[in-house]
Amino acid sequence: MITMGCACQQGRQQFEVVADGGAGKVLFASSSKPTAETVSKRYPGSVVREKGAAPAAG
């Protein structure tokens with residue numbers, strides 16, 4: 001039997017909740033921006049960004 005890899009996540013936009021205003025570590029990742037924004041409220045100073053976006057300068 002031949003199995004094929006799942007491509008369901010391919011091309012889907014992903015969002016990350018990042019500590020320290022975008023300069024820290026990734027705390028959470030989701031394909032739902034509203035969910036990421038809700039989670040970011042639990043972490044003071046965190047930001048929501050697209051996955052793979054460059055870290056904030058500074």
Side-chain angles (χ1 to χ4, degrees):
M1 175 185 238
I2 297 174
T3 59
M4 298 179 69
C6 178
C8 56
Q9 293 293 326
Q10 190 174 29
R12 180 172 284 189
Q13 192 172 25
Q14 295 276 310
F15 299 94
E16 298 174 328
V17 176
V18 186
D20 298 327
K25 69 177 186 173
V26 175
L27 303 169
F28 179 78
S30 175
S31 61
S32 169
K33 188 172 183 177
T35 299
E37 289 171 342
T38 299
V39 171
S40 74
K41 292 176 185 176
R42 298 180 195 163
Y43 299 97
S46 66
V47 297
V48 175
R49 70 176 186 200
E50 287 186 39
K51 186 172 183 178

Check: Yes or no on side-chain contact (heavy atoms from CB on, under 4.5 Å) for F15 and K51, after CA distance, side-chain angles and deciding distance?
Finding: CA-CA 5 Å; F15 299 94; K51 186 172 183 178; over 6 Å; no
Next item on the list: Measure the spacing between CD of Q13 and OG of S31 and express it to the nearest 0.5 Å.
Entry: 9.5 Å
Item checked: Any residue meeting side-chain hydrogen bond (donor to acceptor under 3.5 Å, both in side chains) with S32, in chain and number order, not counting sequence neighbours -> T35
Check: Looking only at heavy atoms, what is the nearest atom pair of V48 and A36, with distance?
Finding: CG2-O, 3.6 Å
Margin query: Please give the remaining members of the hydrophobic cluster of V47, linking ILVMFWY side chains under 4.5 Å, ordered by chain and number.
Written below: V18, V26
Would you mind writing out the side-chain donor-acceptor pairs for residues 37-46 within the sub-3.5 Å range, not counting sequence neighbours?
| unit_1 | atom_1 | unit_2 | atom_2 | d |
| --- | --- | --- | --- | --- |
| T38 | OG1 | P34 | O | 3.0 |
| S40 | OG | E37 | O | 2.7 |
| S46 | OG | S40 | O | 2.9 |
| S46 | OG | Y43 | O | 2.7 |

Note to self: Filter on side chain to side chain donor-acceptor pair (under 3.5 Å), then keep only pairs touching residues 16-27, sequence neighbours left out; what's left?
What the structure shows: E16-R49
